[in-house]
Amino acid sequence: MKAAFIERHGGPEVLQFGEMPDPVAAPGEIVVDIVAASVNGADWKVREGKSNQIAHFPYILGRDFSGVVSAVGEGVSDLRVGDEVFAVCDAGQEGAYAEKIAIKAAIVTRKPASLSHVDAAALALAGLTAICAVEDTLRLQKGETILIQGGAGGVAGFAIQLAKHLGARVITTASAVNHGYLRQIGADEIIDYNSVDFTKVVKDCDAVFDTVGGDVAQRSFAVLKPGGRAAFIASGAQAPKPERSDVVALRPHVGRDRPHLERIVALVAAGAVRPPEVTRYQLSEAVAAHRLSESRHFRGKLVFLVR
Ligand SMILES: NC(=O)c1ccc[n+]([C@@H]2O[C@H](COP(=O)([O-])OP(=O)(O)OC[C@H]3O[C@@H](n4cnc5c(N)ncnc54)[C@H](OP(=O)(O)O)[C@@H]3O)[C@@H](O)[C@H]2O)c1
């Protein structure tokens, strides 16, 4: 099969495109012929050696995808060859920048016909992460106010729509060029972080969801009301420590399972969330896709059209 892989850690130019051995379905697994796979911020961090220890090179990156089941391992009874499915790889597993992947059947779900493979791949890890952060971790309630940092990104775009669906008021941050898009997906208030310090104009939030990290994450505590809670996904494995004692800092656990993927499907089917804006690439263009992902200034998701 064809795949995009790395032979060693380094800049985007270490990404290669070429032949790799076909995977085989072990007991409990299926092989999926991948149609579309998405680029996530984690991918370039892994490529650079900043995240995940890689035991063996060549190493195929990529954490989420959509495709068609092409083989079924022993003991798998709920999926068949020909089923259209999408999934997020298990924690510690990657390999979606490829024409085929072997994956545990239990963490894969059926793709509805109404959703394209590109949209399903774009929604998978971003949607899973947003649901785990906003619903499972922050437990956002109707009538609450949430600040979602980095509104134009893939995770935040899903989170904004989910928060609105739950009945919350949503404030978000983005460059001016993305404000029209954010209004379209329902943000109530949008702050251009390039010209306005959000800590000066936002206060008394019930919750913060930070997808930016660094200094933005640390300064986000200032906008919370006493008893407020903040969730962080771009600050590594631990949430940053607040400098005040009357708020909580949380690091969502983003587990892989079928019910969360089914929640994505249900939210899209209900019209609560629409798929993000997608920039498409061929797998052979992985270097260009990584350069843009690493710039952290684009809207929505970057998706490989694999076949
Ligand atoms: N399981 C997990 O824990 C998990 C899962 C998925 C993602 N993540 C992490 O979550 C983060 C977000 O990922 P993502 O894929 O949604 O987006 P991303 O690709 O990391 O970020 C892109 C967006 O960030 C915005 N941005 C950059 N700097 C900003 C700032 N200072 N203030 C506000 N917005 C800013 C950009 O908008 P502008 O162009 O408007 O600046 C752009 O739309 C990444 O660090 C990723 O690794 C974690």
Side-chain angles (χ1 to χ4, degrees), residues 38-48 50-52 61-64 88-94 96 121-134 136-137 147-162 171-183 185 187 189-199 201-202 208-220 223 231-240 250-257 260 264 275-279 289-303:
S38 103
V39 177
N40 289 285
D43 302 349
W44 57 264
K45 295 173 195 169
V46 171
R47 193 202 70 227
E48 286 184 342
K50 289 182 179 156
S51 168
N52 285 21
L61 297 166
R63 297 186 173 192
D64 56 356
V88 177
C89 295
D90 214 354
Q93 185 201 1
E94 295 184 289
L123 284 162
L125 181 56
L128 181 64
T129 307
I131 290 167
C132 290
V134 173
D136 302 354
T137 304
L147 169 65
I148 299 179
Q149 299 279 21
V155 178
F158 194 108
I160 289 168
Q161 298 176 82
L162 176 56
I171 307 169
T172 192
T173 52
S175 301
V177 68
N178 293 322
H179 289 200
Y181 159 75
L182 289 167
R183 254 188 298 278
I185 64 170
E189 193 181 330
I190 308 158
I191 297 162
D192 179 359
Y193 67 88
N194 299 295
S195 56
V196 178
D197 176 353
F198 68 88
T199 63
V201 294
V202 184
V208 168
F209 178 29
D210 175 56
T211 74
V212 174
D215 175 52
V216 171
Q218 194 62 50
R219 293 190 302 121
S220 291
V223 308
F232 302 87
I233 58 157
S235 300
Q238 305 289 329
L250 305 157
R251 203 324 172 175
H253 169 68
V254 184
R256 275 63 164 153
D257 60 33
H260 279 86
I264 296 175
E277 208 172 290
V278 166
T279 307
H290 270 225
R291 283 198 206 286
L292 186 56
S293 176
E294 221 172 318
S295 79
R296 298 204 65 192
H297 293 293
F298 60 96
R299 197 150 65 206
K301 290 284 299 184
L302 314 181
V303 173

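Just the heavy atoms: all of them, side chains too, but no hydrogens, waters or symmetry mates, feed the values below. Counting starts at 1 for both ligands and their atoms, in listed order.
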Under 3.5 Å donor-acceptor, [X] side chain and [Y] backbone:
| X | Y | result |
| --- | --- | --- |
| R183 | I190 | no |
| S51 | K45 | no |
| S295 | H297 | yes |

Residue pairs meeting salt bridge (Lys or Arg N to Asp or Glu O under 4.0 Å), one or both in residues 208-217, sequence neighbours left out, come to D215-R219

The salt bridge (Lys or Arg N to Asp or Glu O under 4.0 Å) partners of R299 (sequence neighbours excluded) come to E277

task: Just jot down the side-chain hydrogen bond (donor to acceptor under 3.5 Å, both in side chains) partners of H260, sequence neighbours excluded, or say none.
output: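 Partners of H260 by the side-chain hydrogen bond (donor to acceptor under 3.5 Å, both in side chains) criterion, ordered by chain and then number, come out as D136, D257.
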
Mind jotting down which protein residues get a heavy-atom contact under 4.0 Å with ligand 1? Chain and number order, please.
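Protein residues near ligand 1 are G41, A42, K45, T129, G150, A152, G153, G154, V155, T173, A174, S175, N178, Y193, T211, V212, V216, I233, A234, R251, V254, R296, H297, F298.
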
